[in-house]
Asker: 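Mind looking over this structure? Questions follow.
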Amino acid sequence: MTGLVLGFAAWIVTASLSGVNDWRIWYVENQTVVTGGVAWIGVWRACFNSHILDSAEICKSISLTDSFTPPEIAAAQVLCMVAVGVGAVANLLAGFAVRRAMFGVNSGHVRLVFVMAGFFYWLTAACSLVPVIWNMNSVLSNQTIDFPPDFFLPSSPIKQEVGPGIGFGISSACALLISIRNQKYLKVKKKDILTNIKGMKAIKTQLKEVEKKE
């Protein structure tokens, strides 16, 4: 049960990753348009605060088909969506397996479903971790992005930092991997419980036979 709860919570965080705007934090020279000289680069948007444009917070969309979109952000757009779907399958399988295990129904099939759920949790973690690590590497190596003029952002910042979005991605991937191990413990524990139940049934059967003989 702990593995299922942890896996579901990690999946929720994974699903919200693509909506987080601060995977990268950029510091730029142009503080006339970009208030404070700080911009936030996410998977789908680039945002900054401004006191001279139409609104206080300006966000520009980054599309998969845009020519300026770097490969690590394009990969994040695709893999984050894949992770959501795969994680949903993993949760359904894990929930089904836990329910069957609690009622002791066909333990052989339950073990197989646990293995399948663990595989899909592992795949979800991989789909989340690959773009996260790739984007973190781009930040640490100060990679550029050729934004168009209407973004009001330079192609190269003064400096850039890893944002909280990357930290959330690493944390959710680790939680998914931990949930796999917890589900293995549940499987072993359930196997022991089923063995004990079978033993108790055998004892009851022997007692009834003794009572009949008397």
Asker: Kindly give the heavy-atom pair with the smallest separation between W26 and P154, and that separation in Å.
Answerer: CZ3-O, 3.1 Å
Asker: Between the side chain of N135 and the main-chain N/O of P131, is any donor-acceptor distance below 3.5 Å?
Answerer: yes
Asker: V139 versus Q143: any side-chain heavy-atom pair under 4.5 Å?
Answerer: no
Asker: Could you pull out the closest heavy-atom pair between A125 and A173, with the gap in Å?
Answerer: CB-O, 3.8 Å
Asker: Which heavy atom of V82 sits nearest a heavy atom of C127, and at what distance?
Answerer: CG1-SG, 3.8 Å
Asker: After noting the C-alpha distance and the side-chain angles of S172 and S128, does the key distance pass the side-chain contact (heavy atoms from CB on, under 4.5 Å) rule?
Answerer: CA-CA 8 Å; S172 64; S128 173; 3.9 Å; yes
Asker: With a 4.5 Å cut-off on side-chain heavy-atom distances among I, L, V, M, F, W and Y, is there a chain of contacts connecting Y121 to L177?
Answerer: yes
Asker: Between L17 and W23, does the side-chain contact (heavy atoms from CB on, under 4.5 Å) criterion hold? Intermediate values first, please.
Answerer: CA-CA 9 Å; L17 277 180; W23 281 48; 4.2 Å; yes
Asker: I'd like to know if V13 and W11 are part of one continuous hydrophobic network [Ile/Leu/Val/Met/Phe/Trp/Tyr, side-chain heavy atoms within less than 4.5 Å].
Answerer: no
Asker: Relative to each other, are the rings of F119 and W122 parallel, tilted or perpendicular (30° and 60° limits)?
Answerer: parallel
Asker: How long is the span from the OG atom in S63 to the CD1 atom in I73, to the nearest 0.5 Å?
Answerer: 12.0 Å
Asker: Might you point out which heavy atoms bring V132 and G169 nearest each other, and give the distance in Å?
Answerer: CG2-CA, 3.9 Å
Asker: Would I170 end up clustered with V43 when hydrophobic side chains under 4.5 Å apart are linked, directly or stepwise?
Answerer: yes
Asker: Kindly work out whether a path of hydrophobic side-chain contacts (I/L/V/M/F/W/Y, heavy atoms less than 4.5 Å apart) joins V84 to V78.
Answerer: no
Asker: So does T144 get a backbone contact from the side chain of S155, meaning a donor-acceptor N/O pair under 3.5 Å?
Answerer: no
Asker: Quick check: do V113 and F96 have side-chain heavy atoms less than 4.5 Å from each other?
Answerer: yes
Asker: Roughly how far apart are T35 OG1 and I52 CD1, rounded to 0.5 Å?
Answerer: 7.5 Å
Asker: Check step by step if side-chain contact (heavy atoms from CB on, under 4.5 Å) holds for V34 and L153.
Answerer: CA-CA 8 Å; V34 182; L153 293 173; 4.1 Å; yes
Asker: Looking only at heavy atoms, which two atoms of N142 and P157 are closest? And how far apart?
Answerer: OD1-CG, 4.0 Å
Asker: Is the CZ atom of F151 crowded by more than 12 outside heavy atoms at less than 6.0 Å?
Answerer: yes
Asker: Membership question, hydrophobic clusters at under 4.5 Å side-chain separation (ILVMFWY): are W44 and V20 in the same one?
Answerer: yes
Asker: Is it true that R45 and E57 have a side-chain N and a carboxylate O under 4.0 angstrom from each other?
Answerer: no
Asker: Once rounded to the nearest 0.5 Å, what's the spacing between atom OG1 of T69 and atom CD of Q77?
Answerer: 6.0 Å
Asker: Which atom names give the shortest non-hydrogen contact between A46 and I62, and what distance separates them?
Answerer: N-CD1, 4.1 Å
Asker: Between atom CG of D22 and atom CD1 of I41, what is the distance when rounded to the nearest 0.5 Å?
Answerer: 10.5 Å
Asker: Is the F147 ring parallel, tilted or perpendicular to the F68 ring (thresholds 30°, 60°)?
Answerer: tilted
Asker: Find out if the SG atoms belonging to C47 and C59 lie under 2.5 Å from one another.
Answerer: yes
Asker: With rounding to the nearest 0.5 Å, note down the distance linking CD1 in I166 to CG in L129.
Answerer: 11.0 Å
Asker: For the pair E72 (side chain) and N137 (backbone), establish whether a donor and an acceptor sit closer than 3.5 Å, ignoring hydrogens and angles.
Answerer: no
Asker: Is there a side-chain contact (heavy atoms from CB on, under 4.5 Å) between I25 and Q160 once you walk through the steps?
Answerer: CA-CA 5 Å; I25 301 176; Q160 55 181 308; over 6 Å; no
Asker: So do I158 and V28 actually touch side chain to side chain, heavy atoms under 4.5 Å?
Answerer: no
Asker: Return the OG to CD distance between S156 and E29, rounded to the nearest 0.5 Å.
Answerer: 9.5 Å
